[in-house]
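Heavy-atom basis, side chains included; hydrogens, waters and symmetry copies ignored. Just so it is clear: chains get the letters A, B, ... in the order the sequence lines come, proteins before strands, and each one is counted from 1.
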Amino acid sequence: MHTIYARINNTSAFLSSCVTALLVAIALSSLAFTADPKGQLAVASIQVHPGNARRYANKKQEFAFVNFNVSAGTHLVMSARAVSHVHACSKPDLSPLFNWNTKQLFLYLSAEYTDKKGVANEVVIWDRIVRRKEDALISTTGRNKYVFRELSASFRNIPPANYSLKYNVMPYVGVLTYGEAARTPQPVAFPELQSLS
Amino acid sequence: MFADELKTLRRLGFRHVLLQVLNFMSVLASGFMMWKGLGLVTNTESPIVVVLSGSMEPAFHRGDLLFLTNPLDQRYQAGDITVYKIPGADIPIVHRVLETHDGVTIKKGRIAASRIAHDQLLLTKGDNNYIDDLELYQGLEWLERQHIVGKVRGFLPYVGYVTIAMNDFPQLKYALLGGLGLLALVQRE
């Protein structure tokens, strides 16, 4: 009854149930934080250039290039289609998303459009990992990190796309949650193909 | 060293050994039933997976546990973290969805088990990788729903490291299994 084996057994069982209860409590507690921060996002322009497909070097493929500017304060209006950059401007302060169970935020900027055949597309063109609350005021200038291409290899006759900044809150323990921080007020049209030089 | 244990074993008799073996098997069977039941509820072949690589760091490290679901009526969205298994590859991969294209099929003339089962094309990327996973797809151009094991819904750090340790050091596995089996045999109550 009071052997060392029994004592070890009881102690470790008690400890592990305590740890489990604590972890469950922490995971449930993060459901009580319901921050939903919002910013604005505006796209200035897009550039479409011809190129070659990645796998098949002789296959033509068009690429869209998106320059955006996520910055504090300034809010750019949508400029003319002739301008050859996309400016996405927003000031989302995502620090309310950081609570005691937030390990990191995964931010991503995605383009959403449905083509005329009804194929719905969602393409992530930029992302960022935010690990500290101090870095959660998003203010940056950049261009798309990932290639933006269309399934049909061409952006001709593709309807305008919506751009949105979304986040994934990743906890130390528990459930992963998702949300949207900003979205372009109107869909942004793709420009005509530009040839290089 | 084992003289005492052997003596108790002889004293307890053959029937006791049989009973303990039966107990051990019923524990195994109920564990297997719970695993498969969870798989039925979540609609995935493995509802709990262990992270094996560092390609999703700093979010997921080696040895973290992930809880998956794969609801049949939900499409995957960009930003979701999926676990996928390419035919021919031996281990499943945990990466984030970078592109989704809904309503397209690659191969015509195949009968889908579900209306949405085959009409979504996905491209994934590990958070810690610089480029997308095209090189990992072993010749496939896109991931399809049939390759997806599930979507990551929950996270528990470190716990899965036990299985990695047992894989890396097989002696540990045999020692653990042997010790448990011996304990089950000689235990009196």
Side-chain angles (χ1 to χ4, degrees), chain A residues 1 5-6 9 16 19-20 23-24 26-27 30 53-56 101 103-115 117-131 145-152 164-180, chain B residues 56-61 64-69 75-82 94-106 116 119-135 137 139-142 151-159 183 186-189:
Chain A
M1 185 64 193
Y5 173 71
N9 195 9
S16 64
V19 170
T20 312
L23 290 178
V24 168
I26 292 172
S30 62
R54 182 155 139 210
R55 237 182 209 173
Y56 311 104
N101 191 23
K103 185 187 203 175
Q104 66 169 38
L105 297 181
F106 184 84
L107 298 180
Y108 51 103
L109 198 117
S110 64
E112 297 149 30
Y113 61 94
T114 305
D115 73 6
K117 285 184 207 143
V119 176
N121 304 276
E122 197 177 356
V123 180
V124 174
I125 57 173
W126 176 84
D127 62 16
R128 172 183 278 185
I129 294 170
V130 181
R131 303 180 69 183
K145 283 166 76 176
Y146 309 119
V147 288
F148 186 9
R149 58 206 171 136
E150 221 285 312
L151 265 187
S152 63
S164 61
L165 184 68
K166 294 178 186 165
Y167 56 82
N168 172 208
V169 184
M170 311 188 78
Y172 285 110
V173 57
V175 180
L176 281 74
T177 49
Y178 291 83
E180 189 179 282
Chain B
M56 283 295 279
E57 280 176 12
F60 302 150
H61 295 268
D64 293 345
L65 271 195
L66 305 175
F67 299 87
L68 312 182
T69 63
R75 294 183 175 282
Y76 282 77
Q77 291 170 329
D80 285 344
I81 304 169
T82 59
V94 185
H95 279 176
R96 198 185 290 272
V97 174
L98 193 68
E99 288 184 23
T100 66
H101 303 281
D102 293 5
V104 238
T105 18
I106 300 175
I116 64 155
D119 66 348
Q120 189 173 32
L121 303 182
L122 303 172
L123 182 69
T124 54
K125 176 186 163 293
D127 286 2
N128 201 21
N129 295 349
Y130 285 107
I131 56 162
D132 57 55
D133 290 350
L134 193 64
E135 315 301 327
Y137 291 169
L140 294 175
E141 197 86 356
W142 300 96
K151 183 192 295 195
V152 176
R153 308 309 288 261
F155 174 75
L156 184 63
Y158 307 126
V159 180
L183 269 183
V186 297
Q187 228 167 22
R188 245 156 282 184
E189 53 270 86

Counting heavy-atom pairs under 4.5 Å with chain A, which one of B:H101, B:Q77, B:K125 comes out on top?
B:H101
Please assess B:D102 against A:E122 for the test side-chain contact (heavy atoms from CB on, under 4.5 Å), listing each intermediate value before the final yes or no.
CA-CA 9 Å; B:D102 293 5; A:E122 197 177 356; over 6 Å; no
Indicate whether any N or O donor in one side chain lies under 3.5 Å from an N or O acceptor in the other, for B:Y130 and A:K145.
no
Among the listed options B:D127, B:I131, B:D80, B:L134, the residue most often paired with chain A at heavy-atom distances under 4.5 Å:
B:L134
Side-chain contact, heavy-atom cut-off 4.5 Å: A:V123 with B:L98?
no
Is a salt bridge present between A:R54 and B:E135, judged by a nitrogen-to-oxygen distance below 4.0 Å?
yes
Is it the side chain or the backbone of A:D127 that comes within 4.5 Å of chain B heavy atoms, both, or neither?
side chain
Can you say whether A:K166 sits under 4.5 Å from chain B via the side chain, the backbone, both, or neither, judging by heavy atoms?
neither
Considering residues at least two apart in sequence or located in another chain, which fulfil the side chain to side chain contact (heavy atoms under 4.5 Å, CB included) criterion with B:N128?
B:E57
Engaged part of B:I81 at the chain A interface, taking heavy atoms whose separation is under 4.5 Å
both
What one should report as the nearest heavy-atom pair of B:P157 and A:Y172 is CD-O, 3.3 Å
Could you give me the CA-CA distance, side-chain angles and deciding distance for B:Y158 and A:V173, then say whether side-chain contact (heavy atoms from CB on, under 4.5 Å) is met?
CA-CA 10 Å; B:Y158 307 126; A:V173 57; over 6 Å; no
Considering non-hydrogen atoms only, spot the tightest contact between B:A59 and A:M170 and give its length.
CB-CE, 3.4 Å
Could you tell me whether a side-chain N or O of A:Y178 sits under 3.5 Å from a main-chain N or O of B:G79, the two making a donor and an acceptor?
yes
A:L176 and B:V152: CA distance, side-chain angles, deciding distance, side-chain contact (heavy atoms from CB on, under 4.5 Å) verdict:
CA-CA 8 Å; A:L176 281 74; B:V152 176; 4.2 Å; yes
Kindly give the heavy-atom pair with the smallest separation between A:V124 and B:A78, and that separation in Å.
CG2-CB, 3.6 Å
Donor-acceptor contact present, side-chain A:R55 to main-chain B:G139, <3.5 Å:
yes
Where B:E99 and A:V147 come nearest, the two heavy atoms and their spacing:
OE2-O, 4.0 Å
Select one option (side chain, backbone, both, neither) describing which atoms of A:I125 are under 4.5 Å from chain B's heavy atoms.
neither
What part of A:F148 is in contact with chain B, defined as an atom under 4.5 angstrom from a non-hydrogen atom: side chain, backbone, both or neither?
neither
